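Single-structure report; data block below.
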Amino acid sequence: MSDKPVRVRFAPSPTGKLHIGGARTAIYNWAFARANGGTFILRIDDTDPTRSTDENTQVILRAMRWLGLDWDEGPEVGGDYGPYFQTERLDVYRDAARKLVDEGRAYYCFCTPEKLEADRKAAQERHDPFQGYQRTCRDIDPAEAQRRVDAGEPYTIRIKVPQDRGDVVVHDAVHGDVTFNARELDDFIIFRSDGTPTYNFATVVDDADMGITHIIRGDDHLSNTPRQVMVYEALGAPVPVFAHISMILGADGKKLSKRHGATSVEEYRDAGYLSDAFVNYLALLGWALDGDTTIVPRDVLASRFSLDHVSKNPATFDPEKLDWVNGQYLQAMDDSTFSSEILMPQLVAAGLESEGTPAHDSAWYDLLSSLLKPRTTLAPQVVEKARFLYEGDEVTLDEKSVSKNIAKEGVSACLEAAREALEAIDADGWHAEAIDAALEELPERLGVGKRKVFQAVRVAECGNQVSPPLGASMELLGRDTSLARLTRAMPLAG
RNA sequence: GUCCCCAUCGUCUAGCGGCCUAGGACGCCACCCUUUCAAGGUGGAUAUCACGGGUUCGAAUCCCGUUGGGGGCACCA
């Protein structure tokens, strides 16, 4: 490994939203930089003008911020190695390519796409194991080539892979040394005839220029790496350490795509996942702190992440485990945090509360939070669980719950007794403990099962046989509403 | 076709030659707690470590091969 200060980069191309796979790559880069006191750079690889958009760039930046992956250099923060958009660096590539041509490490190629296609077919037909570029223009005299360029003939620029290069060894922090034979590498195009650089050239020029020491990226680039090594060598730049991480698969073992549901980071944000939980889950998809830890907070990730615990296997994305991790982070919040960051925004979004003017005092929301928190794995779930508190005297009664718990023989007497017991509590004493205490003695007094009494009251109060704890729910409803709901349910009782 | 990568419970993984009759987590089941649902606690089922050969006193761990997945071989990134 390099002893230079670590500099890593995440270089998405703005041809779409930030996907789960890209997000994990970004997380690993960020965590690696943080854990090594290095620099995390964000670069936008927008050399494909037809598919790149400013809007996508904005979406990616927003997703990065939501993930909490702060970059030290890049868009909006600047840095000494800018610009950080490839489209603003065209001169850099042009100069680099020209230098390579001048040094004889690259050359002009005048082959038409049609000729290349024909060559490829011919190679295929004669079962030539080498089906790449046939090096037609490699030996054109440089002066002659320059003349044709000056005359306006269309050309591309190709890298000149040294004939005697032998094995190209890629040093990969997760795969170890991976050896390729340079003879399998063709003289690939580094500059297109339209005057724009190709990906394999532009990234290397940038990575060399920006002093990137470690390249952490998707597995799909591993086969491209020896090509890129050729460019580093031609440029006379040090070759960085690579770390190729595996892909993320859907439940069917196929590469994650739209068919598997949400794939972009913003969809998860909008669904109500916590940034911390999402980052935690993704970090663990292909990396482990040790054999036991499943909750790895951001700061631990930023101090303990290391490349040698990155898995080589492709990982299947498991939404259920994500939900569990999210629930863990929710449980770890204190009630007032849960109240202000989860509960309130959701209630406002659902139209049950209005922004800035809460219907109750903060103690009320804290109590509600303490009830809902353990029952929540995903923020929006609080809405349906809290809805019954916002329906006044006319709570919506679930039909099945009524028929199973209220429309039964003897329930009438239960509700009657409950009302009586509760009426004895005055407004000042209307608290969960008192309510529970009042209800607690009823079953024995009436000679019926606890379940019968409590479930009947529950349905009357909450509208459903499944609800948060009864006493506390009634405290939240208040004395008047609680009694009114009880009265209202009585005609339904058997 | 060719080159490269990968292979431990359903899933994410621990494991870097003896501690492994393979550990943890999600999910699943049961029990405890309990007025419902959760949360929490306890316990359980699920892996012939893809297969076949080696190397070794000893292999999930090293080597070779096979099979199965994946990726590259573009004037895409």
Side-chain angles (χ1 to χ4, degrees), chain A residues 11-13 15 45-48 50-52 109 111-113 116-117 120 123-124 127-133 154-158 170 172 175 178-181 184-186 188-194 196-200 202-203 218-227 244 246-247 249 251 253-255 281 284-295 308-309 311-325 327 331 371-377 385 401 405 436 439-440 443 449-459 462 464-471:
Chain A
S13 63
T15 54
D45 282 7
D46 55 353
T47 42
D48 183 351
T50 55
R51 296 196 298 150
S52 299
C109 169
C111 297
T112 61
L116 296 174
E117 185 53 34
R120 211 176 348 255
Q124 237 164 59
H127 299 290
D128 191 329
F130 182 81
Q131 297 188 2
Y133 178 61
Y155 66 92
T156 60
I157 301 177
R158 289 180 181 273
V170 173
D172 192 292
H175 292 275
V178 182
T179 305
F180 298 83
N181 193 318
E184 283 139 18
L185 268 26
D186 62 356
F188 60 95
I189 292 175
I190 60 174
F191 244 83
R192 302 184 189 103
S193 53
D194 66 357
T196 59
T198 58
Y199 166 80
N200 278 136
T203 27
D219 235 352
D220 46 337
H221 290 288
L222 183 52
S223 296
N224 274 325
T225 307
R227 271 170 249 286
H244 286 97
S246 63
M247 322 226 95
L249 274 23
K254 296 260 161 47
K255 196 179 164 184
Y281 174 72
L284 250 36
L285 206 55
W287 173 78
L289 178 60
D290 52 45
D292 304 306
T293 315
T294 48
I295 298 300
D308 46 70
H309 278 93
S311 168
K312 292 188 274 204
N313 316 346
T316 304
F317 186 79
D318 180 5
E320 286 188 327
K321 191 156 185 177
L322 203 213
D323 285 354
W324 177 81
V325 173
Q331 301 320 313
L371 302 183
L372 298 188
K373 200 173 62 178
R375 293 169 174 76
T376 309
T377 53
K385 295 188 198 304
S401 297
N405 302 282
D436 284 330
L439 259 21
E440 188 61 38
K450 283 185 168 185
R451 204 185 171 94
K452 189 164 193 171
V453 177
F454 283 98
Q455 286 301 82
V457 175
R458 183 186 307 283
V459 175
C462 307
N464 200 294
Q465 60 190 355
V466 175
S467 85
L470 195 45

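Here the structure is a predicted model, which is why all the values come from computation and not from measurement. Chain A is the first sequence line, chain B the second, and so forth, proteins listed ahead of strands; every chain is numbered from 1. Computed over heavy atoms, backbone and side chain alike; hydrogens, waters and symmetry mates excluded.
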* Asked: Quick one: side-chain contact (heavy atoms from CB on, under 4.5 Å) partners of A:Glu320, sequence neighbours excluded?
  -> A:Asp318
* Structure fact -> For A:Glu184, the side-chain contact (heavy atoms from CB on, under 4.5 Å) test, sequence neighbours excluded, returns A:Asn181
* Asked: Which comes earlier along RNA chain B counting from the 5' end, the contact point of A:Ala288 or that of A:Leu222, where each point is its nearest nucleotide?
  -> A:Leu222
* Nearest-angstrom distance from the residue atom CG of A:Asn224 to P of B:A77 -> 11 Å
* Structure fact -> Checking B:G70, B:C6, B:A77 against the side chain of A:Met247 (C-beta onward), the nearest is B:G70
* To do: For nucleotides B:G27 and B:C12, find the distance between their C1' atoms and express it as a whole number of Å.
  => 11 Å
* Which heavy-atom pair separates A:Ser13 from A:Asp45 by the least distance, and what is that distance? -> CB-O, 2.9 Å
* Write down the distance between CD (A:Glu184) and P (B:C4), rounded to a whole number of angstrom. => 6 Å
* Structure fact -> Whichever of A:Lys321 and A:Asn181 has the more 5' nearest nucleotide on RNA chain B, that residue is A:Asn181
* Among the nucleotides B:C12, B:A14, B:C4, which one has an atom lying closest to any side-chain atom of A:Val178? -> B:C4
* Length of the CZ-P vector between A:Phe317 and B:U13, whole Å -> 13 Å
* Asked: Taking atom C1' in both B:C51 and B:G69, what distance in whole Å separates the two?
  -> 15 Å
* Between B:A74 (P) and A:Ile190 (CD1): distance, integer Å -> 16 Å
* **Mutual orientation of the aromatic rings belonging to A:His244 and A:His175 [parallel < 30°, tilted 30-60°, perpendicular > 60°]** => tilted
* To do: Please state the P separation for the pair B:U61 and B:A77 - nearest whole angstrom.
  => 42 Å
* Asked: Considering only the P atoms, how many Å lie between B:U55 and B:C64, rounded to the nearest integer?
  -> 15 Å
* Residues two or more places apart in sequence or in another chain: which of them pass side-chain contact (heavy atoms from CB on, under 4.5 Å) with A:Ile189? -> A:Thr156, A:Arg158, A:Thr198
* **Donor-acceptor pair (no angle test) under 3.5 Å: A:Ser193 side chain, B:C75 base** => yes
* Watson-Crick or G-U wobble partner for B:G65, using a 3.5 Å limit on both distances? -> B:C51
* Rounded P spacing from B:C31 to B:G23 in Å -> 25 Å
* **Non-neighbouring partners of A:Thr196 that pass side-chain contact (heavy atoms from CB on, under 4.5 Å), sequence neighbours left out** => A:Arg192, A:Asp194
* Distance, rounded to the nearest Å, where A:Leu249 contributes CG and B:C6 contributes P -> 16 Å
* **A:Asn313 CG to B:A14 C1', straight-line distance once rounded to whole Å** => 12 Å
* Structure fact -> Any strand, both distances under 3.5 Å, Watson-Crick or G-U wobble: B:A30 pairs with B:U42
* Which base, if any, makes a Watson-Crick or G-U wobble pair with B:A25, both distances under 3.5 Å? -> B:U11
* **Complementary nucleotide of B:C73, counting Watson-Crick and G-U pairs under 3.5 Å** => B:G1
* To do: Please confirm whether the backbone N or O of A:Gln455 pairs with a side-chain atom of A:Gln465, one donor and one acceptor, at under 3.5 Å?
  => no
* For A:Asp219 and B:G71, what is the distance between atoms CG and P respectively, to the nearest whole Å? -> 10 Å
* **Nearest-angstrom distance, P atom, B:A50 to B:C9** => 7 Å
* Asked: Of the nucleotides B:G71, B:U11, B:A25, which one has an atom closest to the side chain of A:Asp220?
  -> B:G71
* Structure fact -> Scoring nucleotides 28-44 of chain B by protein non-hydrogen atoms under 4.0 Å (B base, S sugar-phosphate only, - none) yields -------BBBBSS----
* To do: Establish, with yes or no, whether the OP1 or OP2 oxygen of B:G72 is under 4.0 angstrom from a side-chain nitrogen or oxygen of A:His221.
  => no
* Asked: Distance between the C1' atoms of B:C32 and B:A39, in whole angstroms?
  -> 14 Å
* Structure fact -> Whole-Å distance, A:Lys312 NZ to B:G71 C1', equals 16 Å
* To do: Identify, with sequence neighbours excluded, every residue that meets side chain to side chain donor-acceptor pair (under 3.5 Å) alongside A:Glu440.
  => A:Lys450
